[in-house]
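Here is the structure we will look at, set down as structure tokens.
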Amino acid sequence: MNVTARVIAAIVCVGLTGRVLASPKSATPGNTPCRGSTCRPNFIFILADDWGWGDLGADVSDNQAAGPGDTGPNHTPNLNKLAATGTLFVDFHVANPVCSPSRAGFMTGRDPARFAIHTALNANPAANLAENQSNFLPPSVPTVTSVLQQHGYTTGHFGKWHLGGTPDAPMPVAYGINESCTFNSNDPCKADGSSSNTSVNIVDSAIDFITRNADAPFYVNVWLHVSHNLLNPSEEQKMACANRSAVCACSGLSDNQTTCAHQIFWAAQQDADAQIGRLIATLGQLNLHEQTLVMFSTDNGPEDEHVYISAVGSAGPFRGRKRSLYEGGIRVPFIVNWGGGTPNPRVAAGTVDNTVLGSVDWFPTVLSLANISLPSEKLPLDGLDMSAAIVRLEGQGSVRSPYPRAGMLFWEWRFPVAGNCEHSAPQLAVRDGQYKLLRDIADPSAGGRTELYDLSFWNTTDDGLGLPDYREQRNLAALPGRPFQDVVDRLSTAVLAWRDTLPKGRYTPSTPCQAWAYRGRADAPMEPQQHQQSHWEDSEPSV
């Protein structure tokens, strides 16, 4: 079927509740273990929305070297199983703490600011112009889908898009996607982005796509809307959560978004997990487990309750939330499973891995795993091929030390940080090995902030300075005698040089909590900076 025919099919099968799905096939021919230079695995990329580290069930969020996540109802049994039969990477970071730029990083392997995508893209061109950003991701930029499509993969995208929705924005087909049904887009096939069955309908579309393309290599993005506020679980979904755990029970649960915010949040997430379970079960029905790499992650950290009163997601043990360059805004779950539970797994099972990874690594890593050379265009990637870290089997069932990384990760955030002032980070950040430096563009002599933290929580050696510090509470740049000044200078030079390669534009000065000598102290100010949805927040569909 050619591209045009697939787009027509996608328009006809609009992915709504009443659509007719193809009956699952039995075992597919040629389903042999995928190994060696001829391996062309399938890829399923499940991306949740605004899930924090602590939002996964207890079996996952508690299984981290950094410490336990928040106590919840253990409401994600399918994701727990995906991690238990695969590898949980605990030092994975998205390219930006907000939706659109984060997604652009996954798709392109490049820092999204290079395309002037700095925050959530708006459907109104005037709003994007006011933020000095593009209306959409340029379709001329190679994406993971376009390169795979050029090499014989059938590609799909179902659910949230948010890489351009202005009247002149290209449709997903322009980015090498054979079939799509999306929202926050110009897609003729409008996906369900707001009903209580949004996760059901998105996964229905993905299952249909996988079933029809089981005999050839495929790549599919399954980008869920949960748990972006406001959440609207059905009565059945609320009761399913309440029946699973007593902590999901709440008086007035049927209609109370405030008092029962946690329970509504968990109910929506549990339903998303149930649909992920259906998706994984389809691989078993089609005998595709050993040929298919499944990845789960999320676009950024959890929303702040001062933006939405019902935003009760958890960043686990990390400081920061959505829009913050502290870890809670950019460090997110990353689960990889390939043949988990089969005789021929390609990814270590039951393993916690401390390798430093970034979402910009997804593009080159997928191409490497598919035995495809990087595009010849003169467009250097910011991500690295980290396939060796993904598929290493040594240390299975253990907490593994990091696989070596040959480059740095960089971030910027140009806007205010809504919510608790504790989360208001400096404007730029860089990660190199165990160290993370955050700084404003302005030098300290001009009032800019500079902060350095040691995040090597796989290293339990205490050097007398209170390290490691994954909570980003002890600023090594401010220690008496400046013992880490060489690290500060080196990383400052690197991040400022990186920033000089980006499109110009204004940066809102960061606003730290005043008079904080030590982050995280009990008497720290808790006043929010914003009490309502901010103008830069991503707009959501009314469908």
Side-chain angles (χ1 to χ4, degrees), residues 48-55 69-72 94 96-102 118-120 122 127 130-131 162 225-232 250 256-266 268-269 298-332 411 413-427 429 438 449 451 471-473 507-516 519-540:
D49 200 334
D50 290 4
W51 285 39
W53 185 265
D55 288 331
D70 287 1
T71 301
V94 289
N96 189 277
V98 159
C99 180
S100 297
S102 173
H118 307 300
T119 185
N122 201 292
E131 304 294 2
H162 218 170
H225 198 209
V226 171
S227 49
H228 195 290
N229 281 273
L230 293 170
L231 297 171
N232 185 36
C250 179
N256 195 324
Q257 286 275 344
T258 303
T259 305
C260 299
H262 279 91
Q263 290 74 16
I264 288 174
F265 187 84
W266 289 329
Q269 286 193 333
T298 178
D299 61 347
N300 45 252
E303 182 59 272
D304 193 280
E305 64 183 348
H306 298 98
V307 176
Y308 289 109
I309 191 62
S310 57
V312 295
S314 168
F318 303 113
R319 175 186 179 188
R321 298 180 77 82
K322 185 175 181 178
R323 304 179 195 83
S324 174
L325 294 185
Y326 290 125
E327 291 295 278
I330 56 176
R331 187 191 295 222
V332 297
W411 299 268
W413 179 248
R414 302 188 177 201
F415 309 98
V417 177
N420 190 316
C421 61
E422 179 184 4
H423 307 319
S424 182
Q427 299 159 329
L438 302 100
R449 302 156 62 193
E451 302 172 12
R471 296 181 189 273
E472 295 172 288
Q473 294 183 340
Y507 288 75
T508 302
S510 65
T511 53
C513 289
Q514 300 301 313
W516 265 34
R519 307 270 177 207
R521 58 190 237 196
D523 60 345
M526 296 297 287
E527 294 83 2
Q529 295 173 344
Q530 301 286 337
H531 287 278
Q532 57 191 7
Q533 184 176 9
S534 306
H535 70 279
W536 62 85
E537 169 60 25
D538 41 326
S539 58
E540 294 304 328

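What you see is a predicted model, and the numbers here were worked out from it, not measured in a lab. Only this structure's heavy atoms are used, side chains among them; waters, hydrogens and symmetry mates stay out.
The CH2 atom of Trp266 sits 13.0 Å away from the CG atom of Leu231 when rounded to the nearest 0.5 Å. Atom CZ in Arg319 sits 11.5 Å away from atom CG in Leu325 (nearest 0.5 Å). Interatomic distance, Ile264 CD1 to Gln269 CD, rounded to the nearest 0.5 Å: 13.0 Å. Here CZ of Phe415 is found 9.5 Å from OH of Tyr507. Values are rounded to the nearest 0.5 Å. Summarising the geometry, atom NE2 belonging to His228 is positioned 8.0 Å from atom NE2 belonging to His162; distances are rounded to the nearest 0.5 Å. Note that the CG atom of Asn229 and the CD atom of Glu305 stand 11.0 Å from one another [nearest 0.5 Å].
Residues Asp50 and Lys322 are paired through a salt bridge, judged by an N-O separation under 4.0 Å between the basic side chain and the carboxylate.
Considering only residues two or more places apart in sequence or on other chains, Glu327 meets the side chain to side chain donor-acceptor pair (under 3.5 Å) condition with His93, Arg331, Lys436. For Ser324, the side-chain contact (heavy atoms from CB on, under 4.5 Å) partners at least two apart in sequence or on another chain are Tyr326, Val417, His423, Ala425. Judged as a side-chain contact (heavy atoms from CB on, under 4.5 Å), and not counting sequence neighbours, the contacts of Pro101 are Asn96, Val98, Pro112, Ile117. Remark: Pro302 engages Asp55, Ala315, Arg321 in a side-chain contact (heavy atoms from CB on, under 4.5 Å) (not counting sequence neighbours).
Proximity of Trp51 to Val226: side-chain heavy atoms (C-beta onward) are separated by under 4.5 Å at one or more points. Side-chain contact between Arg323 and Thr119: absent, with no pair of heavy atoms (C-beta onward) separated by less than 4.5 Å.
In terms of heavy-atom proximity, Gly301 sits nearest to Val332 at N-CG1, 4.1 Å. Closest non-hydrogen pair, Arg449 versus Ser424, comes out as NH2-O, 2.9 Å. When all heavy atoms of Pro317 and Trp53 are compared, the closest pair comes out as CD-CD1, 4.0 Å. Listed here is the closest heavy atom pair of Asp299 and Ser102: O-OG, 2.6 Å.
Considering His118, Glu131, Gln427 in turn, His118 is the only one that fulfils the side chain to side chain contact (heavy atoms under 4.5 Å, CB included) rule with Arg414.
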